[in-house]
S.K.: 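Mind having a look at this structure? Questions to follow.
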Amino acid sequence: MDTEKQTTTWPKPLAPSFYRRPPEIVARALIGKTLLHRRDDQVVGGVIVETEAYLAQSDPACHAARGMTPRNRTMFGPEGRLYVYTIHAKYCLNAVTQRAGVGSAVLIRAIEPRWGIEVMQQRRGQHASDRLCRGPAMLCQAMGIDLQHDGVCLTETTTVWIGRSVQRIIASQIVTAPRIGISQAKEIPLRYFVRNSPFVSGPKYWHKTAP
DNA sequence: CGATGGATGAACT
DNA sequence: GTTCATCCATCGT
């Protein structure tokens, strides 16, 4: 019978129009949304708690600021695609925003694990849940996302997608701070995260206040 | 094909 | 707050 079948209904993917806005708007709107990855009928994912916006040509910290290369070409493709890149021999994942040709994106830095936690713990080596997906490279490792996922469509549930919220996050709980790990434009507060969330990366930024 | 760098992460003071 | 080991992909030769 169907007793062994998957009965969970996963969050429905956000529409392409969600991404068709400036990256700083999308970055804030993504807080509380869900990130999921399906492989072999196994779904892992959770609630997005930390993002950063990268503003295309006007932003020297943005990969797209120096024009299109083979590496960053996904950033210049249609909105709503997944941009994956390598850094320090690890991977980070972004959602492409605005429209094709612009080169803006939102880096997803952390999620609160919710689905497939045991699988993610195996990939990460049995970490506590608040250490599983805390930081962009840890997030990719836990979710099994790498360069082969570069360019996938986030508005379809085939592989990787961003879905609707499953819990309400109050706007006043979303705070901003400078982005982490960059050497240029390091003062601009384009990082968004949930205040006091133990799932957010970075050292003790939790008490910082909203703009 | 080798040199290089980096949107990291961990371990420090 | 700081340094720094790490190592794949990219890019220049």
Side-chain angles (χ1 to χ4, degrees), chain A residues 19 22-28 30-31 35 48-77 79 81-98 102-113 120-121 123-152 154 160 162 175-194 197-209:
Chain A
Y19 303 95
E24 64 271 32
I25 302 294
V26 177
R28 183 183 288 273
L30 278 175
I31 300 296
L35 174 68
I48 298 170
V49 295
E50 181 184 4
T51 62
E52 288 179 359
Y54 286 85
L55 312 185
Q57 277 79 9
S58 64
D59 179 5
C62 180
H63 289 174
R66 280 178 265 176
M68 186 167 69
T69 68
R71 180 199 195 204
N72 65 18
R73 67 186 190 90
T74 300
M75 287 188 94
F76 290 92
E79 69 278 10
R81 302 295 182 90
L82 185 72
Y83 168 49
V84 182
Y85 65 89
T86 311
I87 182 67
H88 288 81
K90 296 152 189 159
Y91 305 105
C92 298
L93 68 92
N94 301 249
V96 177
T97 56
Q98 293 185 293
V102 173
S104 65
V106 174
L107 171 69
I108 299 175
R109 291 189 54 92
I111 68 171
E112 176 180 337
M120 292 195 284
Q121 282 174 329
R123 289 180 180 140
R124 290 269 302 120
Q126 295 294 332
H127 274 280
S129 68
D130 65 354
R131 290 291 179 96
L132 269 189
C133 304
R134 205 177 77 172
M138 288 180 181
L139 172 61
C140 283
Q141 183 188 8
M143 293 192 67
I145 291 171
D146 58 33
L147 281 191
Q148 80 180 98
H149 302 100
D150 183 44
V152 308
L154 292 170
V160 181
I162 294 175
V175 294
T176 65
R179 295 171 291 184
I180 288 181
I182 56 174
S183 56
Q184 302 175 77
K186 53 174 65 174
E187 305 305 323
I188 311 173
L190 289 172
R191 175 166 171 256
Y192 301 82
F193 58 99
V194 179
S197 169
F199 302 98
V200 167
S201 74
K204 298 189 172 67
Y205 280 102
W206 299 348
H207 63 284
K208 290 221 175 175
T209 54

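Chain naming here is simple, since letters A, B, ... match the order of the sequence lines and numbering starts at 1 in each.
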S.K.: Write down the atom of A:A56, the atom of A:S104, and the distance for their closest heavy-atom approach.
M.R.: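 Heavy atoms of A:A56 and A:S104 come nearest at CB-N, 3.9 Å.
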S.K.: What is the separation between atom CZ on A:R131 and atom P on B:dG9, rounded to the nearest whole Å?
M.R.: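 For the pair A:R131 CZ and B:dG9 P, the rounded distance is 12 Å.
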S.K.: Nearest to the A:T69 side chain among C:dC11, B:dG9, B:dT8, which nucleotide is it?
M.R.: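 Of the candidates, C:dC11 comes closest.
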S.K.: Rounded to the nearest angstrom, tell me the gap between atom CG in A:D150 and atom P in C:dT10.
M.R.: 9 Å
S.K.: How many whole angstroms separate atom CZ of A:R66 from atom C1' of C:dC11?
M.R.: 12 Å
S.K.: Between C:dT10, B:dG9, B:dG6, which one does the side chain of A:A137 approach most closely?
M.R.: B:dG9
S.K.: As an exercise, state the distance from CZ of A:R191 to CZ of A:R179, rounded to the nearest 0.5 Å.
M.R.: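 With rounding to 0.5 Å, CZ (A:R191) is 12.0 Å from CZ (A:R179).
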S.K.: Determine yes or no for a side-chain-to-main-chain donor-acceptor pair under 3.5 angstrom, with A:E112 supplying the side chain and A:V49 the backbone.
M.R.: no
S.K.: Which residue, A:K90 or A:L147, contacts DNA chain C at a nucleotide closer to its 5' end, judged by nearest heavy atom?
M.R.: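 The residue closer to the strand's 5' end, by nearest nucleotide, is A:K90.
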S.K.: What integer distance in Å separates A:Y54:OH from B:dG6:C1'?
M.R.: 12 Å
S.K.: Ignoring backbone atoms, establish whether A:R191 has a side-chain N or O less than 4.0 Å from OP1 or OP2 of B:dA7.
M.R.: no
S.K.: Taking the side chain of A:H63 as heavy atoms from C-beta outward, which of B:dA7, C:dC8, C:dA5 is closest to it?
M.R.: B:dA7
S.K.: Could you grab the distance from atom CG of A:N94 to atom CG of A:L82, nearest 0.5 Å is fine?
M.R.: 7.5 Å
S.K.: Using purine N1 to pyrimidine N3 plus N6-O4 or O6-N4 for Watson-Crick, or N1-O2 and O6-N3 for G-U wobble, both under 3.5 Å, which nucleotide pairs with B:dC1?
M.R.: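 Because both required distances fall under 3.5 Å, B:dC1 counts as paired with C:dG12.
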S.K.: I need the A:F76 CZ to A:Y83 OH distance, nearest 0.5 Å.
M.R.: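 The distance works out to 9.0 Å.
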S.K.: Has the side chain of A:Y85 got a donor or acceptor that lies under 3.5 Å from a partner of the other kind on the base of B:dA7?
M.R.: yes
S.K.: Is C:dA5 paired to anything, Watson-Crick or G-U wobble with both distances less than 3.5 Å, and if yes, which nucleotide?
M.R.: B:dT8
S.K.: Which nucleotide wins on minimum distance to the side chain of A:Y91, given the candidates C:dC8, B:dT8, C:dT10?
M.R.: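 Shortest atom-to-atom distance from the side chain points to C:dC8.
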S.K.: Report the distance from atom CD1 of A:I180 to atom P of C:dG1, rounded to the nearest whole Å.
M.R.: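 Distance, rounded to whole Å: 10 Å.
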S.K.: In this structure, how many angstroms lie between the P atom of B:dT8 and the NE2 atom of A:H88, rounded?
M.R.: 7 Å
S.K.: Grab the CD-P distance between A:Q148 and C:dC8 for me, whole Å please.
M.R.: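 Value for this atom pair: 16 Å.
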S.K.: Look at all strands and tell whether A:L107 reaches a base, only sugar-phosphate, or nothing, counting heavy atoms closer than 4.0 Å.
M.R.: base
S.K.: For A:N72 and C:dA9, what is the distance between atoms CG and P respectively, to the nearest whole Å?
M.R.: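 That distance rounds to 16 Å.
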